[in-house]
Structures are given as C-alpha cells and as structure tokens.
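Computed from heavy atoms alone, side chains included, the values below leave out hydrogens, waters and symmetry copies. All figures in this text were calculated on a predicted structure; none of them were measured in a lab.
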Amino acid sequence: MKIKYKILRWSIPFFILLLWFLVTNLGYWSLYILPSPIRVAKTAFALLKSGELLKHMAVSLTRVILGFSISFLIAFPIGVFMGLKKNVYYIFNPLLEFLRHVPPLALIPMLILWFGIGEKSKLIVIILASFFPMLLNILKGISNCDIKLIEVGQSFGFSKYKIFIKIILPSALKDILVGMRIGLGYSWRAIIGAELIAASSGIGYLILDSQQLSRPDKVIVGILVIGTLGTFIDWLFRILINKFQGR
C-alpha cells in the first residue's frame with residue numbers, strides 16, 4: 001500500500017477529532033448535547049481510575065464471548081448437517097429465512113416473558129444475532145465442496161467420516177472462519193440490545209444509564225469503548241485466522 005494512502009487512512013480520524021474540537025470550542029454546538037473531546041477524555045480517565053469502566057467492559061466481554069461460543073456450538077452441527085443433507089436444508093429453508101429476518105430486538109418482550117430479565121435473556125439476544133451469519137457460512141462451505149475431491153476420496157476407499165474430516169471440513173474451513181468473524185462482530189453489535197433487558201452492568205447499561213442521567217460525555221465514552229473493543233477483537237480474530245491458515 002502506498003504511503004499516501006496510509007497517511008490518508010490515519011489522518012481521517014485525526015480530522016474528525018479536530019472538527020469535533022473546533023465545533024464544540026467555537027460554540028457552534030451546545031456542549032450539553034455534544035461535549036468537547038477534552039471533557040470526554042477526562043470522563044473516560046475518571047471512569048478508568050474508579051474502575052467503573054473496566055467493570056462494565058469485563059461484563060460485556062464475558063457476555064459476548066459466552067453468547068458467541070454457544071451460538072457457534074449450535075450453528076456448527078446444524079450447518080454441517082444441512083450442508084451434507086441438502087434435502088433437509090430445502091425443507092427447513094423457509095423457516096430459517098423467516099427467522100433470519102426477525103431482528104433479535106423485536107423478540108426482547110417475548111424473551112423477557114419466557115426467560116425473565118436475568119442473564120439467559122441477554123445471552124439469547126447475542127446468540128440470535130450471531131447464529132445466522134455463522135450458520136449460512138458453514139452451510140455454504142460444506143455444501144460447496146468440490147464433488148471431484150469427494151470422488152477421489154471415494155476411489156481411495158475413504159469412509160464417510162474420513163471424507164468429511166480429510167476433504168469436506170478443510171475445504172469449508174475458510175467459509176467457517178469467515179462466518180465466525182462475522183458472527184463475532186454481530187455478537188458485539190448486539191450487546192447494547194442485550195443489555196436493554198434490565199441490566200445493572202455492562203457497556204450498554206453504562207450508555208443507557210448515562211442517557212437517563214443526561215450525561216452525554218459518558219454516553220460518548222461508552223460508544224468509543226464499544227467501537228474500540230469491537231475493532232480490537234476483530235483484529236485479534238483476523239490474526240488468529242491468518243496464523244491458523246499459515247499466512
């Protein structure tokens with residue numbers, strides 16, 4: 001990548017920060033609605049110093065990792081089964097398409113009625129948000145395996161299990177990892193919705209509580225933390241994928 005593009009890439013956040021600083025400090029925008037970057041930085045430092053921000057981050061991270069892990073453990077066997085048994089996928093496809101287009105936030109009232117306001121409902125929102133991206137990618141990877149490779153395995157007398165482990169699964173690995181990466185991103189994006197359900201901790205709770213207390217500086221800190229953590233997790237996962245694929 002050319003140096004000028006690298007400079008442009010990193011200069012955009014700098015210019016946004018500069019614009020934010022100028023708009024708030026020159027009085028073009030009410031500080032009550034949009035606090036200055038300096039005030040937001042001071043608030044973030046105070047939250048970090050008191051340990052409050054780290055506590056909310058730890059709670060949200062735990063929920064995301066747990067919800068994502070459960071979602072993958074459900075999506076993987078279903079995706080593999082439907083990828084191998086295309087008739088089953090054909091039968092269940094209308095139901096899956098219907099469920100896929102229902103936003104998890106729309107189910108929150110029913111989830112509260114069925115599972116209460118505890119951790120279970122919050123995890124289900126994260127599971128629903130990340131399930132379908134992973135399922136569809138696993139399904140695509142398994143069902144698109146080159147039939148000629150399978151025929152080669154059969155000509156060598158491979159059992160069905162060995163064909164799956166030695167041929168189909170490695171062939172589908174790239175799609176599975178892509179699905180996991182997308183699913184992880186969706187898990188993180190769903191955390192605010194999950195923490196709408198009577199949460200007493202977490203980044204989503206911090207944002208909602210700050211909004212009710214008219215503290216936009218804390219709201220912006222929460223938004224910045226979510227974006228930063230999401231970017232970091234995605235970067236970490238991308239490195240793990242590259243190492244796993246030997247790049």
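- Closest non-hydrogen pair, I165 versus L169, comes out as O-CB, 4.1 Å.
- No side-chain donor-acceptor contact under 3.5 Å links W188 to the backbone of L61.
- Rounded to the nearest 0.5 angstrom, M57 CE and S201 OG are separated by 13.5 Å.
- Within 6.0 Å of CZ on R39 lie more than 12 heavy atoms contributed by other residues, nucleotides or ligands.
- Judged by distance alone, with hydrogens and angles left aside, the side-chain atoms of S130 form no donor-acceptor pair with the main-chain N or O of L184 at under 3.5 Å.
- Note on residues 150-179: no pairs pass ring-ring contact (aromatic ring centres under 6.0 Å, His included), not counting sequence neighbours.
- Nearest approach of P216 to I33, heavy atoms of both residues: CB-O, 3.8 Å.
- Under the side-chain hydrogen bond (donor to acceptor under 3.5 Å, both in side chains) criterion, T43 pairs with D217, sequence neighbours left out.
- For the atom pair L128 CG and S187 OG, the distance stands at 10.5 Å (nearest 0.5 Å).
- Sorted by first and then second residue, the ring-ring contact (aromatic ring centres under 6.0 Å, His included) pairs with a member in residues 61-80 read F72-F76; sequence neighbours excluded.
- Residues forming a side chain to side chain contact (heavy atoms under 4.5 Å, CB included) with T228 (at least two apart in sequence, or on another chain): none.
- Partners of K140 under the side-chain hydrogen bond (donor to acceptor under 3.5 Å, both in side chains) rule, at least two apart in sequence or in another chain, are D175.
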Considering only distance and modelled atom types, tabulate donor-acceptor pairs under 3.5 Å from the side chains of residues 93-112, sequence neighbours left out.
from : atom 1 : to   : atom 2 : distance (Å)
N93  : OD1    : Y89  : OH     : 3.3
E97  : OE1    : R100 : NH2    : 3.0
E97  : OE2    : R100 : NE     : 3.3
H101 : ND1    : E97  : O      : 2.7

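- Of all non-hydrogen atoms in P133 and I182, the two that sit nearest each other are CB-CG2, 3.7 Å.
- I12 and F14 sit in two unconnected hydrophobic clusters of ILVMFWY residues. Membership requires side-chain heavy atoms under 4.5 Å apart, directly or through other members.
- Remark: the backbone N or O of F21 is paired with a side-chain donor or acceptor of T24 at under 3.5 angstrom.
- Cluster annotation: I142 is connected to I167 through the hydrophobic network of ILVMFWY side chains, with a link wherever side-chain heavy atoms come within less than 4.5 Å.
- More than 12 heavy-atom neighbours from other residues, nucleotides or ligands sit within 6.0 angstrom of CZ on F132.
- Residues meeting the salt bridge (charged side-chain N to carboxylate O under 4.0 Å, His left out) test with D146, sequence neighbours left out: none.
- Between atom OG of residue S69 and atom CD1 of residue I127 there is a gap of 9.5 Å, rounded to the nearest 0.5 Å.
- Of all the heavy atoms in S210 and V219, the pair that sits closest is CB-CG2, 3.7 Å.
- Sorted by first and then second residue, the salt bridge (Lys or Arg N to Asp or Glu O under 4.0 Å) pairs with a member in residues 155-164 form an empty list; sequence neighbours excluded.
- L139 and Y186 sit in two unconnected hydrophobic clusters of ILVMFWY residues. Membership requires side-chain heavy atoms under 4.5 Å apart, directly or through other members.
- In this structure, F92 and I78 have side chains that are not in contact, with every pair of non-hydrogen atoms separated by 4.5 Å or more.
- Contact annotation: the side chain of V80 never approaches that of I168 to less than 4.5 Å [non-hydrogen atoms, C-beta and beyond].
- Applying the salt bridge (Lys or Arg N to Asp or Glu O under 4.0 Å) rule to pairs touching residues 109-120 yields R63-E119, sequence neighbours excluded.
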Side chains of residues 48-55: which donor-acceptor partners sit under 3.5 Å, not counting sequence neighbours?
from : atom 1 : to  : atom 2 : distance (Å)
S50  : OG     : A46 : O      : 3.2
S50  : OG     : L47 : O      : 3.1
S50  : OG     : E52 : N      : 3.3

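- The CZ atom of R215 sits 11.5 Å away from the CD1 atom of I220 when rounded to the nearest 0.5 Å.
- W20 and L26 fall within the same hydrophobic cluster, where Ile, Leu, Val, Met, Phe, Trp and Tyr residues are linked whenever their side-chain heavy atoms come under 4.5 Å apart, directly or through other members.
- For the atom pair CG of L17 and OG of S11, the computed distance is 12.5 Å after rounding to the nearest 0.5 Å.
- The ring-ring contact (aromatic ring centres under 6.0 Å, His included) analysis of residues 202-227, with sequence neighbours excluded, yields the pairs H56-Y205.
- Here CD1 of I74 is found 9.0 Å from CE of M134. Values are rounded to the nearest 0.5 Å.
- Considering all non-hydrogen atoms of both residues, S60 and I203 come closest at OG-N, 2.8 Å.
- Taking both residues in full, the closest heavy atoms of K122 and A194 are given as CG-O, 3.2 Å, listed atom of the first, atom of the second, then distance.
- Hydrophobic clustering keeps I65 apart from I226 (ILVMFWY residues linked when any side-chain heavy atoms are closer than 4.5 Å, directly or through intermediates).
- With sequence neighbours left out, the side-chain hydrogen bond (donor to acceptor under 3.5 Å, both in side chains) criterion links S155 to no other residue.
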